A.B. asks: 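Let me begin by handing over the structure; questions about it come next.
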Amino acid sequence: MPGGGRSGKDWLRSICCYCGTGCGVLAQARDGVVTKVKGDPDHPVNKGRLCAKGALLPAIFESDDRLLRPAIRASKGGALAPASWEGAIERVAEGIRSAVERYGPHSVMFYGSGQLPTEDYYLFGKLAKGFVGTNNQDTNSRLCMASTVAAYNLAFGTDSPPASYADIEQANTFLILGANIEACHPILFDRIKARKRRGDDVKVIVVDPRRTRTAEIADLYLPVRPGTDVALLQSLLFEVRLAGGLDEAFIAERTSGWGEVEASLAGWSAGRAADITGLAAQEIVDAARMIASNGPMLTLWTMGASQSTSGVDKNLALINLSLATGNIGRPGAGPFSLTGQPNAMGGREAGGLAPTLPGHRLVANPEDRAEVEAAWGLPPGSITSRPGVTGSEMVEALERGEVKVVWVVATNPVASLPNSERVRAAFAKAELVVVQDAYHPTETSELADVLLPAAQWSERAGTMTNSERRIGLLEQIGEAPGEALPDWQIISRVAAALGYAEAFSYGDVEEIFNEYRELTQGRDLDITGVSYELLRASSKGVQWPLPEGGREHPRLFADTPFATPDGRARFHVPAHRAPDDALTERYPLSLVTGRVKDQWHTMTRTGNVPKLNKSEVEPVVEIHPVDARPLGVRTGRPLRVSSRRGSFQARARVDRAVRPGTVWAPFHWGALRHVGGPVNAATNEAFDPRSKQPELKFAAVRVEPL
Ligand SMILES: Nc1nc2c(c(=O)[nH]1)N[C@H]1C(S)=C(S)[C@@H](COP(=O)(O)OP(=O)(O)OC[C@H]3O[C@@H](n4cnc5c(=O)[nH]c(N)nc54)[C@H](O)[C@@H]3O)O[C@H]1N2
Ligand SMILES: Nc1nc2c(c(=O)[nH]1)N[C@H]1C(S)=C(S)[C@@H](COP(=O)(O)OP(=O)(O)OC[C@H]3O[C@@H](n4cnc5c(=O)[nH]c(N)nc54)[C@H](O)[C@@H]3O)O[C@H]1N2
Ligand code: SF4
Ligand SMILES: [Mo]
C-alpha cells in the first residue's frame with residue numbers, strides 16, 4: 001500500500017496519542033482511515049482497557065477541519081492561499097536563511113511539542129541546534145514538565161523517573177499532590193482504585209484545592225490553599241520526623257545534604273503550616289503519621305506542583321519526603337511525577353528543551369556538545385553554548401524583536417500559553433510564523449504565514465515514551481489525508497532546502513531512531529539494546545535503560561548509585577514563597593485552571609467528537625457558595641473573571657468542590673471555541689526562575705456577574 005498504511009482485518013499495534021499513561025491500543029483501518037480501536041489486552045499498562053478519549057479515537061478522523069495542503073500568506077495582512085509543498089518549503093527555508101543572514105541564527109525559534117514522536121523531536125533539534133546553530137529550540141513541555149526535569153536533575157543527577165506503574169500494585173500509601181488522576185490519567189486511576197479495593201491497609205492522601213473525583217478515594221483529603229504546597233511538605237517532613245518515620249540508614253548511606261534540610265525544618269510545626277496552607281493542624285499530623293507508619297509510599301504529582309513560580313521547590317520538597325523516608329528504589333515506593341503528554345518523556349530524552357541535547361546531554365557541557373557534533377558530522381564548535389530562548393521567554397523575545405522567525409510544530413501556543421492576548425500580539429509581530437499542524441484553523445494557525453499540513457496519529461510511525469520510561473512503537477495504520485506529511489519528512493525537506501540534504505536524508509523513521517539510539521550509549525537512558533524489530537516483537541514495549549546485551553530496569557536506584565558526583569541522592573532545601581500574583585481587595589480570589597476528563601487541551605481533536613462533547617458542553621467557573629452568595633451568583637449565571645492581565649466570561653457553577661476564596665476553570669476552550677474568550681487571557685506568565693515553567697495554576701482575579 002502507498003505510504004505503508006494497511007487496511008482490512010489487520011489489528012495493528014499502537015499507543016494512545018493522548019495522555020502520558022501510554023495505553024496500548026489495537027487499531028484497524030478501512031480505506032486508509034482508522035475505523036476501529038480497542039485496548040491491547042497484552043499491554044501491561046492498560047491490559048485491554050481504554051478511557052473514553054482513547055476508545056473514541058476513530059472519531060477524530062471524521063472532522064472536516066483537517067489541514068490538507070500547504071498554504072502561504074503572500075504579505076502580512078493578506079489572505080492564506082493554497083501552495084505547493086515545494087513553494088511552502090522554499091518559503092520557510094528562505095525565511096530562515098534570510099533571518100540568519102540579517103540577524104544571526106538566534107533570530108529563529110523552533111517550538112515543538114510532547115506530542116511529537118521521539119524521532120521527529122530529535123530531528124527538529126538536530127536542525128536547530130546542530131545545523132541552524134541556535135539553542136532556540138523548546139517545547140510545550142516547558143509548560144508541563146520543566147520543574148520536574150530541574151528537580152530530578154538536582155536530586156538524582158539525571159532526569160530519571162525512578163518508579164514504575166507496577167509500584168502502584170505494591171504501594172500502601174499514595175500521596176497524590178496537585179494531580180487529578182481520575183480525569184487526566186484515567187487508566188492509572190483505575191489501577192490505584194483497584195489497589196485500594198484489594199489492600200485493607202492501603203491509604204490515599206490527596207492534596208488539591210479542589211475536591212476532584214480523584215479525592216473521592218482519599219482517606220485524607222487536604223484542600224490546600226493554592227500555591228502553599230512547600231509549607232505543607234516542609235511541615236509533613238517535620239511531623240514525619242517527630243512520628244519516627246525517618247529512614248536513618250537510607251539517609252546515611254544513600255543521600256547527602258540531609259543536615260541542611262533537617263535544619264530548615266525548624267519552625268515548620270503543623271500549627272505554623274496550618275496558618276499558611278489553610279488546613280487544620282491535625283490533618284497535617286494525621287497525614288504525616290500515615291506516611292511514617294504505612295509504607296511503602298508512592299508519591300504522584302503533576303501540574304498542581306509544577307506549574308508554579310515555586311514549581312522546582314515543590315518538586316524538591318516532594319522528593320525530599322521520599323528520600324527521608326527511604327521511599328525510593330523499593331517496591332511500591334518512589335517519587336513519581338506523571339507525564340502529561342504521550343511523549344513528554346521522549347522530548348526530554350531526545351533534547352527537546354532549550355538547555356538539552358540528545359541522550360540527556362546539556363548544551364552547557366563542552367563534552368556533551370563535542371559528542372553530539374561528532375555524531376552529526378559537524379565541525380567542533382558548531383553547537384553553541386549560548387542558552388536558547390525557552391517557550392516561556394519566546395513571547396518577550398518576539399516583542400523585543402530578537403526572534404523574527406518562529407516555527408511551531410504540534411502545539412497551539414496562542415491558546416495554551418498564559419496571557420494569551422500578549423502571546424497573540426507577539427506572534428503578530430514576527431516576520432515569519434510557520435505553523436505545522438494537523439488541523440486548521442487553530443488559535444495559532446490563524447496567525448501563520450506558512451501552514452504545513454502534518455500527518456497525525458496512526459498516519460505515520462514513530463516511538464513514544466510514557467511516564468514509566470516505557471518506549472512503545474506507534475505503527476502506521478492509516479494514511480495521511482490530502483497532502484499531509486509526517487513531521488519528520490517536513491523537517492527533513494526544510495533542512496534539505498537549507499542545504500543540509502546529506503545529514504537529513506532518511507529512508508524511513510526507523511533510520512532516525514537508529515541514529516538517535518547511538519547517542520544514548522553509556523548514558524543513564526541507554527537504549528542501544530532497543531530496535532524497531534524488538535518493539536514489534538513484544539506487546540509490552542521496553543522500559544529504559546536497555547543497553548545492548550543488558551536487561552530492562554523497571555525500578556531505578558535500587559542497587560545502582562545516583563548519577564551525582566558522590567553517587568548519593570541530594571537533598572535540597574525548598575523555599576516557601578507566595579505565588580507571583582498578589583491577592584488584593586481588587587483581585588481577591590485565586591484562579592486555578594485545569595482539565596476535564598473528556599477534552600484534550602485546545603480541543604483540536606476531542607472538540608470534534610460528539611460523544612466527548614456531551615459531558616461538558618462549555619467552560620464553567622466553579623465558585624464556592626461562600627464567594628457566590630455575596631455576588632448574588634447562582635449556577636448558570638454568566639460571569640466575568642478578570643485578572644491584572646485580561647478577562648474571560650463563562651457560566652458559574654456554584655459548588656463546594658473548590659476551596660472558599662478559590663475559583664476553578666478548565667483551560668480547553670480557546671478563543672475559537674468560546675465567545676466568552678479563553679481562560680488564558682487571565683493567567684499569569686510569571687515563571688519559576690530555575691525551570692522557567694509558568695504559573696498557570698495561580699492568578700489573582702475578580703469575579704463579576706453579568
Ligand atoms: N482528560 C485530559 N487528560 C489529560 C490532559 C488533558 O488535556 N485532558 N492533558 C495531559 C497533560 S499534557 C497533562 S500536563 C496532565 C495534567 O494533569 P493534572 O496535573 O492532573 O491536571 P490539571 O487539571 O491541570 O491539574 C491538576 C490539579 O492541580 C490542582 N492544583 C492547582 N493549584 C494547586 C496547588 O497550588 N497545589 C496543589 N496541591 N494542587 C493544585 C488543580 O485543582 C487540579 O485539580 O494531564 C494529561 N492528561
Ligand atoms: N491555563 C492553563 N494553560 C495550560 C495548562 C494548564 O493547566 N492551564 N497546561 C499546559 C500544559 S501542561 C500543556 S502540555 C499545554 C498543551 O498545550 P498545546 O500543546 O498548545 O495544546 P494541544 O491542543 O495539545 O496542541 C497540540 C496541537 O498539535 C496538533 N497535532 C496533533 N497531532 C499532531 C501531529 O502529529 N503533528 C503535528 N504537527 N501537529 C499535531 C493539534 O491539532 C494541536 O493543534 O497547555 C498548557 N496550558
Ligand atoms: S488513559 Fe490516557 S493513554 Fe490511556 S486511553 Fe485514556 S487518554 Fe489514552
Ligand atoms: Mo502537559
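Side chains included, hydrogens not; waters and symmetry mates left out as well; all remaining heavy atoms used. All of these numbers come straight from a predicted model, not from anything done at the bench. Both counts, for ligands and for their atoms, begin at 1 and track the order of listing.
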A.B. asks: Heavy atom to atom 1 (N) of ligand 2, shortest distance: which of Thr683, Leu696, Asn680 holds it?
C.D. replies: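 Comparing heavy atoms across Thr683, Leu696, Asn680, the nearest one to atom 1 (N) of ligand 2 lies in Asn680.
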
A.B. asks: Does any N/O atom on Gln341 come nearer than 3.5 Å to any N/O atom on ligand 2?
C.D. replies: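 No, there is no polar N/O contact under 3.5 Å.
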
A.B. asks: Parallel, tilted or perpendicular: which describes the rings of Trp301 and Tyr152, with under 30° parallel and over 60° perpendicular?
C.D. replies: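 Judged by the thresholds at 30° and 60°, the geometry between Trp301 and Tyr152 is perpendicular.
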
A.B. asks: Enumerate the atoms of ligand 2 whose separation from the nearest heavy atom of Thr593 is less than 4.0 angstrom.
C.D. replies: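 Within the 4.0 Å cut-off of Thr593, ligand 2 contributes 1 (N), 2 (C), 6 (C), 8 (N).
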
A.B. asks: Show the atoms of ligand 2 that are less than 4.0 angstrom away from any heavy atom in Asn140.
C.D. replies: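 The atoms of ligand 2 under 4.0 Å from a heavy atom of Asn140 are 19 (O).
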
A.B. asks: Against heavy atoms of Thr604, which atoms of ligand 2 measure under 4.0 Å?
C.D. replies: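 Those of ligand 2 that fall under 4.0 Å from Thr604 are 41 (C), 42 (O), 43 (C), 44 (O).
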
A.B. asks: So if I count the atoms of ligand 2 from 1 in the order they appear, which ones are less than 4.0 Å from some heavy atom of Leu143?
C.D. replies: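 In order of number, 10 (C), 12 (S), 46 (C).
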
A.B. asks: Which is closest to atom 6 (C) of ligand 2 in terms of heavy atoms, Phe667, Tyr18, Tyr111, Trp600?
C.D. replies: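 It is Phe667 that holds the nearest heavy atom.
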
A.B. asks: Check each atom of ligand 2 against the heavy atoms of Ala454 and keep those under 4.0 Å away; list them by number with element.
C.D. replies: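 Within the 4.0 Å cut-off of Ala454, ligand 2 contributes 36 (N), 37 (C), 38 (N).
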
A.B. asks: State the atoms of ligand 2, each with its element, that fall below the 4.0 Å cut-off from a heavy-atom position in Gln307.
C.D. replies: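 In order of numbering, the contacting atoms are 5 (C), 6 (C), 7 (O), 9 (N), 10 (C), 11 (C), 12 (S).
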
A.B. asks: Among Thr442, Asp437, Thr302, which one puts a heavy atom closest to atom 44 (O) of ligand 2?
C.D. replies: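 Nearest option to atom 44 (O) of ligand 2, by heavy atoms: Asp437.
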
A.B. asks: Using a 4.0 Å cutoff against the non-hydrogen atoms of Lys697, which atoms of ligand 2 qualify?
C.D. replies: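 By the 4.0 Å cutoff, the relevant atoms are 6 (C), 7 (O).
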
A.B. asks: Should one rank Ala410, Gly462, Ala455 by closest heavy-atom distance to atom 35 (O) of ligand 2, which comes out on top?
C.D. replies: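 The nearest heavy atom belongs to Ala455.
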
